[in-house]
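Just below is one structure, and these are the notes that go with it.
Along the sequence shown, the residues carry numbers beginning at 1.
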Amino acid sequence: QLQLVESGGGLVQSGGSLRLSCTASGNTFNHYTIAWFRQAPGKGREGLSCISSSGDITDYGDSVKGRFTTVRDRAKNTVYLQMNNLKTDDTGVYYCAADYGACEVVAGRVIHNPLGDPYEYWGQGTQVTVSS
């Protein structure tokens with residue numbers, strides 16, 4: 001069982017930056033593709049980005065491309081989501097998730113296998129609020 005923990009959320013003004021972290025204990029974290037999702041108030045969950053187990057492959061949704069960057073520190077068992085030029089529409093609860101497989105973001109969905117199965121492991125989420 002993989003237990004993911006997100007941190008780094010908070011309140012920031014529009015145009016500002018935040019860095020979220022996703023970590024887990026144990027020696028299997030680096031075997032997984034890690035994805036980031038967001039759920040805004042009153043909206044469905046949106047897939048934002050993913051990074052492969054090696055860290056060599058990343059993909060981003062159109063809403064965050066060019067503003068968000070995900071990187072992996074394998075030595076620290078941590079994946080980061082650097083969020084720059086934040087907008088009020090970025091407000092929401094951010095989740096990281098893990099599963100085996102590929103890394104691809106298509107039309108707001110993060111896909112790790114051809115069947116489109118949901119990610120297996122999820123963190124508890126961290127709140128990001130962007131004020132105008």
Go through the steps for S54 and S52 under the test side-chain hydrogen bond (donor to acceptor under 3.5 Å, both in side chains), then give the verdict. CA-CA 5 Å; S54 66; S52 63; 3.2 Å; yes
As an exercise, state the distance from [atom1] of [X] to [atom2] of [Y], rounded to the nearest 0.5 Å.
X: T69; Y: Q82; atom1: OG1; atom2: CD; answer: 7.0 Å
X: I34; Y: C22; atom1: CD1; atom2: SG; answer: 5.0 Å
X: E120; Y: L4; atom1: CD; atom2: CG; answer: 10.5 Å

Which pairs count as ring-ring contact (aromatic ring centres under 6.0 Å, His included) when at least one residue sits in residues 3-59, sequence neighbours excluded?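 Qualifying pairs, neighbours excluded: Y32-Y100, Y32-Y121, F37-Y119, F37-W122.
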Check T23, N27, N30 against N77 for a side chain to side chain donor-acceptor pair (under 3.5 Å) and give me the one that passes.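 Running side chain to side chain donor-acceptor pair (under 3.5 Å) over T23, N27, N30 with N77 returns exactly one hit, N30.
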Answer yes or no: is there an ion pair linking K87 with D90, defined by an N-O contact shorter than 4.0 Å?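 Not counted as a salt bridge, because no side-chain N and carboxylate O are separated by less than 4.0 Å.
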Using a 6.0 Å cut-off, check whether atom CZ of R67 has over 12 heavy atoms from anything other than its own residue.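 It does: R67 CZ has more than 12 such atoms within range.
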Please determine whether the number of non-hydrogen atoms from other residues, nucleotides or ligands lying under 6.0 Å from atom CD1 of I57 exceeds 12.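 Incorrect, the count does not exceed 12.
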Indicate yes or no for a side-chain donor-acceptor contact from [X] to the backbone of [Y] under 3.5 Å, with no hydrogens or angles considered.
X: Q127; Y: G10; value: no
X: R74; Y: S53; value: yes
X: Q124; Y: E6; value: yes
X: T33; Y: G101; value: yes

Salt bridge (Lys or Arg N to Asp or Glu O under 4.0 Å) against E46, all qualifying residues, sequence neighbours excluded: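 Result, salt bridge (Lys or Arg N to Asp or Glu O under 4.0 Å) vs E46: R38.
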Same apolar cluster: [X] and [Y], side chain cutoff 4.5 Å:
X: L81; Y: L2; value: yes
X: V130; Y: Y94; value: yes
X: V105; Y: L48; value: no
X: I51; Y: I111; value: no
X: V93; Y: V79; value: no

Please report the closest heavy-atom contact between [X] and [Y], naming both atoms and the distance.
X: G9; Y: L20; result: N-CD2, 3.5 Å
X: K65; Y: Y60; result: CE-O, 3.3 Å
X: Q39; Y: K43; result: NE2-O, 3.0 Å
X: G92; Y: P41; result: CA-CD, 4.4 Å

If we only count heavy atoms from C-beta on, is the C103 to H112 side-chain gap below 4.5 Å?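 In short, these two side chains do not touch, never coming nearer than 4.5 Å.
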Going through the checks in order, is the side chain to side chain contact (heavy atoms under 4.5 Å, CB included) test met by S131 and V12? CA-CA 6 Å; S131 64; V12 63; over 6 Å; no
Passing candidate, side-chain contact (heavy atoms from CB on, under 4.5 Å) with F68, options L86, N84, T58, N85: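 Result for side-chain contact (heavy atoms from CB on, under 4.5 Å) with F68: L86.
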Should T70 and C50 be marked as a side chain to side chain contact (heavy atoms under 4.5 Å, CB included) after you check the CA-CA gap, both sets of side-chain angles, and the distance that decides it? CA-CA 7 Å; T70 186; C50 55; over 6 Å; no
